[in-house]
Amino acid sequence: MKKDWRWPNAYAISQDTKLGTMYWGPGPLPQGATLVGVVTRLDGTTTGALIQMPTGNLMQGNAGCLTSLPPQIQKKISIER
């Protein structure tokens, strides 16, 4: 069973890389990036692949496009991982 982390009124994170691959799409990840799982805004607006860039930043990926996550969420995810 995969471990999930949740923060009220923020984001839910799952380590389900198979689902993350579906959100990212068939294209390759950016060079040096790692697919970590899935990230979902708890207000229901967005869900996508959770991707760690070579710099250590965590991003949300959808259909080959990247969106940065708020710094406070990146810090909490880094602590939990």
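Everything numeric in this text was worked out from a predicted model, so none of it was measured.
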Got a list of side-chain donor-acceptor pairs under 3.5 Å for residues 59-69, not counting sequence neighbours?
from, atom 1, to, atom 2, distance (Å)
Gln60, NE2, Asn62, OD1, 3.0
Asn62, ND2, Thr47, O, 2.7

Quiz prompt | Smallest separation among heavy atoms of Gly20 and Ala49, with atom names | solution = O-CB, 3.3 Å
Quiz prompt | Transitive ILVMFWY side-chain link Ile51 to Leu58, under 4.5 Å | solution = no
Exercise. Indicate the atoms forming the closest heavy-atom contact of Ala12 with Leu42, along with that distance.
Key: CB-CD2, 3.6 Å
Quiz item: Between Thr21 and Leu35, which heavy-atom pair has the shortest distance, and what is it?
Solution: OG1-CD2, 3.2 Å
Self-check item: Exercise: identify the closest heavy-atom pair between Leu50 and Ile13
Solution: CD2-CG2, 3.6 Å
Quiz item: What pairs of residues pass the side chain to side chain donor-acceptor pair (under 3.5 Å) test when at least one of them lies in residues 22-37, not counting sequence neighbours?
Solution: none
Self-check item: Under 3.5 Å donor-acceptor, Ser14 side chain and Asp16 backbone
Solution: yes
